[in-house]
Amino acid sequence: MIEDKNQQRTPLSSLGEFGLIDHLTKEFKITHKSTVKGIGDDAAILNFDNKQIVVTTDLLVEGVHFDLSYMPLKHLGYKSVMVNLSDVYAMNANSTQITVSIAVSNRFPLEALEELYEGIETASRIYGVDVIGGDTTSSTSGLLISVTAIGEANAEDIVERSGAKPNDLLVVTGDLGGAYLGLQVLEREKEVFKVNPNNQPDLDKYAYIVERQLKPEARKDIVKLLKDLEVKPTSMIDISDGLSSEIMHLCKHSKVGCDLYENKIPLDPQVISTCEEFDIDSTTVALNGGEDYELLMTISQEDFPKIKANPNLTVIGFMTDESVGMHLVTRAETKIPITAQGWNSLSDQE
Ligand code: ADP
Ligand code: MG
C-alpha cells in the first residue's frame, strides 16, 4: 500500500558496519548536560548528580509489532521512540537519553534505514532526548528495533503503580480506542489493496485514528502539566495494552479495587463513528484496544479542584477496597467485573 519511494537502493554491504553507524547517527546532537559522552566510545557516559534514574526498554519485531506494508519506516522510527518515552513519562519522570539497536536483513537498502533514522531523529529532537548509542547487527529475516530510554526525576516526584488508595479518583489523559481502530482501518485497506493494487485508499475520513496508530505521541506534556497544577498522582501507568489491563495493573500493585464508569470514558467522535461502521462496541475498543499511549493515573480527592477544569484530564472512576473488586459501571448502571483482555504479545491472537 505504501509505495516504495526509494528510487535508489544502496546495499548496506557497501558501507560496512562502522560506515553505516556513522552515516545513520551523524545528525544526532547532544543537548543534555547529563550526557557526558554519547555515541562513539565503548559506552556512553552519563552524569545525573543526585537525581533518580529510570530506565525502560522495548523490543519491536517485524510481523509481530508492526507491518511494513502500511507502516512507513519513518513512522516506525518515531513510534519506537514514543513507546519507550511513554514508559518514562508514566513514572512522572523526564526523558533525557535513548539508545537504539537494530537488527536488519539485507533486503533493506541504506535508504530504508535512512528513513527509519529520520523518524528517530525527529522524535528525539521534538521530545528533547539525546541518542547516546545502540547496536547494529544483521538479521536473517525481518527488522527488529530495540529502544532503551533513560529518564530522570527527583526521588519525591516519581510515581509508581503501587500508590493508589481507596477513594482516589481514576483519571485518564486524552481519548481512547483510536489506535486500535486505526489499525483495523489499515488492515482492511491492506486486504482491499491485495485484491486491487490500483485502488488507492481514501483515508481522510479516518485521519485521526490512523495517525493514532502510525504516529502516536507520548504524553510528555502531562508530566509538565501535573507539575504546574501541583498534582502528584498516587499511582500511574501508560496505556499500551488497553484500559482494562492497565486498571488491573494499578489495582493489583496498589491492592485496591475500582469502579470504572462506562459513560465517562473519553472517546473521539471519529472513534464513535468508526465503531458504528465496523459494528463494534466503543467501550470494548477502549477497554481492550491498545497502543493509545495515554496515561492512566489515580489522584487523591483533595486534588480534584486542581484538575477538574482541565480538558486533558478526565475522571473515569474511583478506587475502592480491594475486597470489592474491579467493575465497569455500565450506562444501564449494572456492574460487570473487569477482566484481563488487554493486548498480550504472548497470546496467539491475530
Ligand atoms: P561495540 O563494538 O563496542 O559494540 P559498535 O561499533 O557497535 O561498538 O558501536 C560504536 C558506537 O556506535 C557506540 O557508541 C554505539 O553505542 C553506537 N551505535 C552502534 N549502533 C548504533 C545504532 N544503531 N544507533 C545508534 N548508535 C549506535
Ligand atoms: Mg556494538
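Whatever order the structure lists them in is the order used to number ligands and atoms, beginning at 1.
- The G133 neighbourhood of ligand 1 comprises atoms 16 (O), 25 (C), 26 (N), 27 (C), with distances under 4.0 Å to a heavy atom of that residue.
- Between E27 and R125 there is no salt bridge, since no side-chain nitrogen of the basic residue lies less than 4.0 Å from a carboxylate oxygen of the acidic one.
- At a heavy-atom cutoff of 4.0 Å, ligand 1 is contacted by the side chain of Y117 but not by its backbone.
- The 12-atom threshold is not exceeded at CD of E333, counting heavy atoms of other residues, nucleotides or ligands nearer than 6.0 Å.
- Polar contact check, T25 against ligand 1: no nitrogen or oxygen pair lies under 3.5 Å apart.
- For D58 and S80, the side-chain atoms include no donor-acceptor pair closer than 3.5 Å.
- The shortest heavy-atom contact between S124 and V131 is OG-CG2, 3.8 Å.
- For ligand 1, the atoms closer than 4.0 angstrom to any heavy atom of D41 are 13 (C), 14 (O).
- Between G134 and ligand 1, at least one N/O pair is under 3.5 Å apart.
- Close approach to F18 involves these atoms of ligand 1, each under 4.0 Å from a residue heavy atom: 6 (O).
- A salt bridge is absent between D168 and K165: the closest approach of a Lys/Arg side-chain nitrogen to an acidic carboxylate oxygen does not fall below 4.0 angstrom.
- In D135, the parts holding a heavy atom less than 4.0 Å from any atom of ligand 1 are both the side chain and the backbone.
- Donor-acceptor pairing under 3.5 Å is recorded for the side chains of Y78 and E217.
- For ligand 1, none of its N or O atoms has an N or O atom of I102 under 3.5 Å away.
- Between G40 and ligand 1, an N or O atom pair is found at a separation short of 3.5 Å.
- Under 3.5 Å, the side chains of Y206 and E277 contain a donor-acceptor pair of N or O atoms.
- For the pair S101 and ligand 1, the shortest N or O to N or O distance does not fall below 3.5 Å.
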